[in-house]
Amino acid sequence: MDAQQIGAVGDREFQRVADELRERMTDGTYPLRSFLPSQRELAEELGVSRYTVQGALRELADEGWIESRQGSGSRVVKTQRIRSSTPKAGRSRHGMTLGPLISEAFEHPEVTLDVYTLTSESLDAHIRLQAERIRGGFIEPRHITLRVLLPDASLPLPYPRVKGDPDDPRLRERLRDITERHTASLAGALTDLQTEGLVPSVDIRIRRAPLSPTFKLYLLNGVEALHGPYEVIERKIVLDSGEEVTALDVLGLGATLTHHVKDQSPTSPGSVFVDSMRQWFDSVWDLLAA
């Protein structure tokens, strides 16, 4: 195996560890404010080197999932909380997380997913987890349609920005880099499934809208909606240069989502909400986005 092949294997292992830890944080295995197992324990459990675990933890810290301090370990600081007024049978009204809902959506032969979001960061993690389930033979969708609405890259977004210096471009550039990286990653993960013959039909479309997102929206198979506002917060961000800045940012992973289910009654609160959000998404997609 040459150096390039070794590097590719290392990248896959690193991503596998990061994905596994994200899944555990979203499904409640590692709840908010809990500490992750030690690097040594994670390396032994997942069958990788501590170097691989360290790289995965650095990525999770950069994405805002965890805080890592020397001598104290890594603590979960963000999870995706969901509150549902119309849960399906067997689901709790409280304590649901995004991961299981997306997993359920991918268990259908026809998967449709419409997403409106500031970045594609958390969506990327969930899509790649479903891709691994498909490769493992646990689910067999026949058709996957994904539409993603993102803000126009040239739009002067109010966040994230450096506190006290809204003209500083570094956080806008960082946001653009994060969005481009994760969008390419999720598109590649789904395209590879079709190329490998694992999913017969995959349709991925990504458009940009001249809107500053104040909420995020997931529409799952046309019958479920997850909706939540972005809460503006003040937090520290370490730039690639190593400089730490105080930023005005928004909660994405940590924001609470409300869950709505369309039922047999077109006038029920769940049906009205899902239909209205679908109509809103379609109108922006068709008339504003490019």
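Just so you know, residue 1 is the first one in the sequence shown, and it goes up from there.
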Student: Cluster question for you: counting only ILVMFWY and a side-chain heavy-atom cut-off of under 4.5 Å, with indirect links fine, are Met277 and Ile102 together?
Tutor: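 Each belongs to a different hydrophobic cluster.
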Student: The criterion is side chain to side chain contact (heavy atoms under 4.5 Å, CB included); which residues satisfy it with Ser276, sequence neighbours excluded?
Tutor: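 Partners of Ser276 by the side chain to side chain contact (heavy atoms under 4.5 Å, CB included) criterion come out as none, since no residue qualifies.
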Student: Taking the side chain as every heavy atom from C-beta outward, state whether Gln54 and Arg58 have any pair of such atoms under 4.5 Å apart.
Tutor: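 With C-beta onward as the side chain, the pair touches.
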Student: Does Thr179 offer a backbone N or O that forms a donor-acceptor pair with the side chain of Thr119 under 3.5 Å?
Tutor: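 Flag not set: sc Thr119 to bb Thr179 has no pair under 3.5 Å.
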Student: Answer yes if Leu101 and Phe273 sit in the same cluster of Ile, Leu, Val, Met, Phe, Trp and Tyr residues linked by side chain heavy atoms under 4.5 Å apart, and no otherwise.
Tutor: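 No, Leu101 does not connect to Phe273 through the hydrophobic network.
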Student: Within a radius of less than 6.0 Å around CZ of Phe35, do more than 12 heavy atoms belonging to other residues, nucleotides or ligands occur?
Tutor: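 More than 12 within 6.0 Å, yes.
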Student: Provide the closest heavy-atom pair for Ala56 versus Ala18 in the form atom of the first, atom of the second, distance.
Tutor: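 Nearest heavy atoms, Ala56 then Ala18: CB-N, 3.8 Å.
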Student: Does any N or O in the side chain of Thr117 come within less than 3.5 Å of the main-chain N or O of Lys216, such that one atom is a donor and the other an acceptor?
Tutor: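 Not confirmed, Thr117 side chain does not pair with Lys216 backbone.
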Student: With sequence neighbours excluded, give me every side-chain hydrogen bond (donor to acceptor under 3.5 Å, both in side chains) pair touching residues 280-290.
Tutor: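 Listed by first then second residue: Arg147-Asp282.
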Student: Quick one: salt bridge (charged side-chain N to carboxylate O under 4.0 Å, His left out) partners of Glu244, sequence neighbours excluded?
Tutor: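 Applying salt bridge (charged side-chain N to carboxylate O under 4.0 Å, His left out) to Glu244 gives none.
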Student: Heavy-atom distance under 4.5 Å between the side chains of Val76 and Leu36, does that happen here?
Tutor: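 Val76 vs Leu36: side chains touch.
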Student: Would you say that more than 12 heavy atoms from the other residues, nucleotides or ligands in this model lie under 6.0 Å from the CD of Glu41, or not?
Tutor: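 More than 12 heavy atoms, drawn from other residues, nucleotides or ligands, come within 6.0 Å of this atom.
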Student: Would you compute the distance between atom CD1 of Ile66 and atom CG of Leu60 and round it to the nearest 0.5 angstrom?
Tutor: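 The CG atom of Leu60 is 5.0 Å from CD1 of Ile66, to the nearest 0.5 Å.
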Student: Hey, what do you get for CZ (Arg16) to CG (Leu46), rounding to the nearest 0.5 Å?
Tutor: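 Atom-to-atom, Arg16:CZ and Leu46:CG are 6.0 Å apart.
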Student: Taking all non-hydrogen atoms of both residues, which atom of Thr112 and which atom of Gly222 are closest, and how far apart?
Tutor: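 Taking every non-hydrogen atom into account, OG1-N, 3.8 Å.
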Student: Salt bridge check, Arg40 against Glu44: does any charged N sit closer than 4.0 Å to a carboxylate O?
Tutor: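 Here Glu44 pairs with Arg40 in a salt bridge, since their nearest N and O are under 4.0 Å apart.
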Student: Heavy atoms, side chains only, cut-off 4.5 Å: are Ile127 and Leu113 in contact?
Tutor: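 The answer is yes, as the side chains (C-beta and beyond) meet within the 4.5 Å cut-off.
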Student: Kindly compute the distance separating OG (Ser154) from CZ (Arg172), expressed to the nearest 0.5 Å.
Tutor: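 If we round to the nearest 0.5 Å, Ser154:OG and Arg172:CZ are 11.5 Å apart.
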Student: Give every residue pair that meets the side-chain hydrogen bond (donor to acceptor under 3.5 Å, both in side chains) criterion with at least one member in residues 197-213, sequence neighbours excluded.
Tutor: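 Found His143-Ser201, Asp203-Arg205.
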Student: Using side-chain hydrogen bond (donor to acceptor under 3.5 Å, both in side chains) as the criterion, list what pairs up with Glu107, not counting sequence neighbours.
Tutor: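 Expected list: Arg133.
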Student: Are Tyr218 and Leu146 linked, directly or through intermediate hydrophobic residues, by side-chain heavy-atom contacts shorter than 4.5 Å (ILVMFWY only)?
Tutor: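 Linked, Leu146 and Tyr218 end up in one cluster.
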Student: Hey, could you give me each pair passing salt bridge (Lys or Arg N to Asp or Glu O under 4.0 Å) that has a residue in residues 181-199? Not counting sequence neighbours.
Tutor: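 Passing the test, one end in residues 181-199: Arg135-Glu196.
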Student: Could you report the tightest heavy-atom contact between Pro210 and Leu155, atom names first, then the distance?
Tutor: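 Closest approach of Pro210 to Leu155: C-CD2, 3.9 Å.
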Student: How long is the straight-line distance from CD1 of Ile139 back to CD of Glu132, given to the nearest 0.5 Å?
Tutor: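 Answer rounded to 0.5 Å: 10.5 Å.
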Student: For the pair Leu150 and Val148, evaluate side chain to side chain contact (heavy atoms under 4.5 Å, CB included) and give the outcome as yes or no after the intermediate values.
Tutor: CA-CA 6 Å; Leu150 296 167; Val148 183; 4.0 Å; yes
Student: Kindly work out whether a path of hydrophobic side-chain contacts (I/L/V/M/F/W/Y, heavy atoms less than 4.5 Å apart) joins Leu123 to Leu219.
Tutor: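 Different clusters: Leu123 never reaches Leu219 through Ile, Leu, Val, Met, Phe, Trp or Tyr contacts under 4.5 Å.
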Student: State, yes or no, whether a side-chain contact exists between Ile144 and Ile134 at a heavy-atom distance under 4.5 Å.
Tutor: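 Contact flag for Ile144/Ile134 side chains = yes.
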Student: For Val274, enumerate each residue passing the side chain to side chain contact (heavy atoms under 4.5 Å, CB included) test, keeping only those at least two apart in sequence or located in another chain.
Tutor: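 Expected list: Ala225, His260, Lys262.
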Student: Hey, does the side chain of Asp152 reach the backbone of Ala209 with a donor-acceptor pair shorter than 3.5 angstrom?
Tutor: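 No, because the side chain of Asp152 does not come within donor-acceptor range (under 3.5 Å) of the backbone of Ala209.
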Student: For Arg170, enumerate each residue passing the side-chain hydrogen bond (donor to acceptor under 3.5 Å, both in side chains) test, keeping only those at least two apart in sequence or located in another chain.
Tutor: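 With neighbours one apart ignored, the set is Asp168, Glu243.
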Student: Do Thr258 side-chain atoms and His227 backbone N/O form a donor-acceptor pair below 3.5 Å?
Tutor: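 Answer holds: yes.
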Student: After noting the C-alpha distance and the side-chain angles of Ile204 and Thr191, does the key distance pass the side chain to side chain contact (heavy atoms under 4.5 Å, CB included) rule?
Tutor: CA-CA 8 Å; Ile204 309 162; Thr191 301; 3.6 Å; yes
Student: Is it true that, when you exclude Phe215 itself, more than 12 heavy atoms of the residues, nucleotides or ligands shown sit nearer than 6.0 Å to its CZ?
Tutor: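 Yes.
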Student: Can a donor-acceptor pair be found, under 3.5 Å and without considering hydrogens, that links the side chain of Glu234 to the backbone of Leu248?
Tutor: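 Between the backbone of Leu248 and the side chain of Glu234 there is no qualifying donor-acceptor contact (under 3.5 Å).
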Student: Under the side chain to side chain contact (heavy atoms under 4.5 Å, CB included) criterion, do Leu57 and Leu21 qualify, and how do the steps go?
Tutor: CA-CA 9 Å; Leu57 294 178; Leu21 295 178; 3.9 Å; yes
Student: For a quick test of reading the model, state the closest non-hydrogen atom pair linking Pro141 to Pro200 and the distance between them.
Tutor: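 Result for this residue pair: O-CD, 4.0 Å.
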Student: Hey, does Thr145 have a side-chain heavy atom less than 4.5 Å from the side chain of Val111?
Tutor: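 Side-chain contact under 4.5 Å: no.
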Student: What's the shortest heavy-atom distance between Arg161 and Pro166, and which atoms?
Tutor: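 Distance-wise, the nearest heavy atoms are NH1-CB, 3.8 Å.
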Student: Between atom OG of Ser185 and atom CG of Leu190, what is the distance when rounded to the nearest 0.5 Å?
Tutor: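 Rounded to the nearest 0.5 Å, the OG-CG separation comes to 9.5 Å.
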Student: Does the side chain to side chain contact (heavy atoms under 4.5 Å, CB included) test come out yes or no for Val199 and Arg142, once each step is laid out?
Tutor: CA-CA 5 Å; Val199 179; Arg142 308 304 298 166; over 6 Å; no
Student: Heavy atoms, side chains only, cut-off 4.5 Å: are Ser103 and Gln130 in contact?
Tutor: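 Yes, their side chains come closer than 4.5 Å.
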Student: What residue pairs, at least two apart or across chains, pass ring pair (Phe, Tyr, Trp, His ring centres under 6.0 Å) with a residue in residues 153-186?
Tutor: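 Qualifying pairs: none.
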Student: Can you get from Ile178 to Ile237 by hopping between Ile, Leu, Val, Met, Phe, Trp and Tyr side chains that sit under 4.5 Å apart?
Tutor: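 Different clusters: Ile178 never reaches Ile237 through Ile, Leu, Val, Met, Phe, Trp or Tyr contacts under 4.5 Å.
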Student: Rounded to the nearest 0.5 Å, what's the gap from CG on Leu175 to CD on Glu121? Could you check?
Tutor: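 Answer rounded to 0.5 Å: 9.5 Å.
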Student: Check salt bridge (charged side-chain N to carboxylate O under 4.0 Å, His left out) between Glu59 and all other residues, then give those that pass, not counting sequence neighbours.
Tutor: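 Checked Glu59 against salt bridge (charged side-chain N to carboxylate O under 4.0 Å, His left out); matches are Arg22.
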Student: I need the minimum non-hydrogen distance between Ala105 and Asn221, along with the two atoms involved.
Tutor: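 What the structure gives for the nearest pair is O-ND2, 3.2 Å.
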Student: Could I get the full list of side chain to side chain contact (heavy atoms under 4.5 Å, CB included) partners for Pro213, not counting sequence neighbours?
Tutor: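 Testing Pro213 for side chain to side chain contact (heavy atoms under 4.5 Å, CB included), a comparison that skips the adjacent residues, returns Tyr116, Leu118, Pro151, Leu157, Tyr230.
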Student: So, using side chain to side chain contact (heavy atoms under 4.5 Å, CB included) as the criterion, who are the partners of Glu67 when residues are at least two apart?
Tutor: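 Glu67 satisfies side chain to side chain contact (heavy atoms under 4.5 Å, CB included) with Arg69, Arg75, Val77 once adjacent residues are dropped.
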Student: Answer yes or no: is there a side-chain heavy-atom contact under 4.5 Å between Val162 and Asp167?
Tutor: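 Answer no - side chains too far apart.
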